[in-house]
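Encoded as structure tokens, the structure appears first; notes follow it.
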Amino acid sequence: MKRKGICTLLIFFVLITSCDAPVHHNKSANIMINDLNRLQGSWAQPTDNGTLSETWKKINDTLLTGIGCLVFEKDTLFSERLRIYKNKGFWYYSAQVTDQNKGETIVFKLTSHENSAWVFENKAHDFPQNIHYQIINPDSLIATVTGKGKNRPRTEIFRMNKK
């Protein structure tokens, strides 16, 4: 009789915990995509070398695509294809930069997310190793990239406003 009671209790515990886990996971995923949706649109920062810009578009609940570029007058000096996507339960940021990394896409894994700020990391990459986005308000964000530039620490900060 005790064995039957323990088995019943064990089954009940498994059912309760397995039913609760997907709800929590989906809630977390929804919070994440809703927060990431704030990146949508065009962002720009004028610099001495031209205008740096990023444009983000939501494709679905697990994918945002973007284009980043630096334009001086009418010449594109730098361009990259960007993605933020979910794969196997984890979020990633990827960048494919024209004329860099032999055309390969570099992938960064989300390691931190809090209050409209995201940190993506790839410790195996030289520069950047970290990409940090923080939305300050609906019309401004700060993107910071850090890593090793020519064997010493390097940080670049981009203060962008919505176009």
Side-chain angles (χ1 to χ4, degrees), residues 24-163:
H24 176 68
H25 176 73
N26 289 340
K27 183 178 178 184
S28 174
N30 288 338
I31 290 169
M32 182 67 177
I33 194 63
N34 289 339
D35 210 14
L36 282 170
N37 285 339
R38 298 179 65 198
L39 281 176
Q40 286 189 97
S42 295
W43 303 85
Q45 175 190 351
T47 71
D48 293 340
N49 299 322
T51 300
L52 178 70
S53 66
E54 285 188 8
T55 301
W56 288 96
K57 180 180 178 181
K58 177 183 173 182
I59 303 302
N60 58 43
D61 285 346
T62 60
L63 174 64
L64 278 84
T65 60
I67 296 174
C69 61
L70 176 63
V71 176
F72 182 74
E73 295 176 358
K74 293 185 180 185
D75 293 328
T76 301
L77 305 177
F78 169 88
S79 68
E80 61 184 341
R81 291 188 302 174
L82 306 168
R83 290 176 29 167
I84 296 176
Y85 60 96
K86 187 175 183 183
N87 185 23
K88 297 181 181 177
F90 296 98
W91 286 91
Y92 298 91
Y93 175 103
S94 69
Q96 184 178 29
V97 181
T98 305
D99 301 326
Q100 287 186 15
N101 302 306
K102 301 176 185 174
E104 292 181 20
T105 299
I106 305 301
V107 178
F108 300 80
K109 185 176 183 180
L110 180 73
T111 58
S112 174
H113 164 249
E114 186 177 340
N115 298 329
S116 297
W118 308 272
V119 177
F120 299 89
E121 295 183 355
N122 179 340
K123 297 295 184 191
H125 192 247
D126 55 357
F127 186 84
Q129 291 180 323
N130 298 300
I131 299 172
H132 178 257
Y133 280 91
Q134 182 174 9
I135 295 181
I136 305 303
N137 63 51
D139 295 324
S140 65
L141 72 80
I142 296 176
T144 306
V145 293
T146 60
K148 296 177 199 162
K150 298 180 182 171
N151 294 325
R152 63 176 195 242
R154 178 175 156 197
T155 299
E156 292 182 13
I157 300 171
F158 306 99
R159 299 179 196 304
M160 294 188 248
N161 294 310
K162 202 137 201 194
K163 293 204 268 187

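The minimum heavy-atom distance between Leu82 and Gly68, with the atom names listed, is CD1-N, 4.1 Å. Summarising the geometry of Val71 relative to Glu73, their closest heavy-atom pair is CG1-O, 3.4 Å, with the distance given to 0.1 Å. In terms of heavy atoms, Asn101 sits closest to Ile106 at ND2-CG1, 3.5 Å. For the residue pair Tyr85 and Leu63, the shortest heavy atom distance occurs at CB-CD1, 3.9 Å. Counting all heavy atoms, side chain and backbone alike, Gln96 lies closest to Gly103 at NE2-O, 2.7 Å. Summarising the geometry of Asn115 relative to Asp35, their closest heavy-atom pair is C-OD2, 4.4 Å, with the distance given to 0.1 Å.
Across Asn122, Ile84, Val107, Leu110, a single residue satisfies side chain to side chain contact (heavy atoms under 4.5 Å, CB included) together with Tyr92, and that is Val107. Among Trp91, Tyr133, Tyr93, the single residue meeting the ring-ring contact (aromatic ring centres under 6.0 Å, His included) criterion with Phe120 is Tyr93. Leu70 pairs with exactly one of Asp75, Thr76, Thr47 by the side chain to side chain contact (heavy atoms under 4.5 Å, CB included) rule, that one being Thr47.
In this structure, Thr65 OG1 and Lys57 NZ are separated by 6.5 Å, a value rounded to the nearest 0.5 Å. With rounding to the nearest 0.5 Å, the separation of CZ in Arg159 from CD1 in Ile136 is 8.5 Å. Rounded to the nearest 0.5 Å, atoms NE2 (His132) and CD (Gln134) are 5.0 Å apart. Atom-to-atom distance recorded for Phe78:CZ and Cys69:SG is 9.0 Å, nearest 0.5 angstrom. Interatomic distance, Thr146 OG1 to Ile131 CD1, rounded to the nearest 0.5 Å: 9.0 Å.
Judged by distance alone, the side chains of Thr98 and Ser79 do bring a donor and an acceptor atom under 3.5 Å apart.
Using a 4.5 Å heavy-atom cutoff, the side chains of Arg154 and Glu156 are in contact. In this structure the side chain of Thr144 reaches within 4.5 angstrom of the side chain of Ile157, judged on heavy atoms. No side-chain heavy atom of Asp126 sits less than 4.5 Å from a side-chain heavy atom of Lys148. Using a 4.5 Å cut-off on side-chain heavy atoms (C-beta onward), Asn49 and Phe72 make no contact.
Distance alone, capped at 3.5 Å, is enough to place a donor-acceptor pair between the Gln129 side chain and the Lys123 backbone. No donor-acceptor pair closer than 3.5 Å links the side chain of Gln45 to the backbone N or O of Leu52. With hydrogens and angles disregarded, no donor-acceptor distance shorter than 3.5 Å links the side chain of Lys58 to the backbone of Leu39.
For Ile67, the CD1 atom counts as loosely surrounded, since its 6.0 Å shell holds 12 or fewer non-hydrogen atoms of other residues, nucleotides or ligands. Within 6.0 Å of NZ on Lys162 lie more than 12 heavy atoms contributed by other residues, nucleotides or ligands. In Arg38, the CZ atom is crowded: over 12 heavy atoms of neighbouring residues, nucleotides or ligands sit closer than 6.0 Å. Within a 6.0 Å sphere centred on CG of Asp99, heavy atoms belonging to other residues, nucleotides or ligands number 12 at most.
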- Task: In sequence, state the C-alpha distance, the side-chain angles, and the governing distance for Trp56 and Leu36, and then conclude on side-chain contact (heavy atoms from CB on, under 4.5 Å).
- Result: CA-CA 10 Å; Trp56 288 96; Leu36 282 170; over 6 Å; no

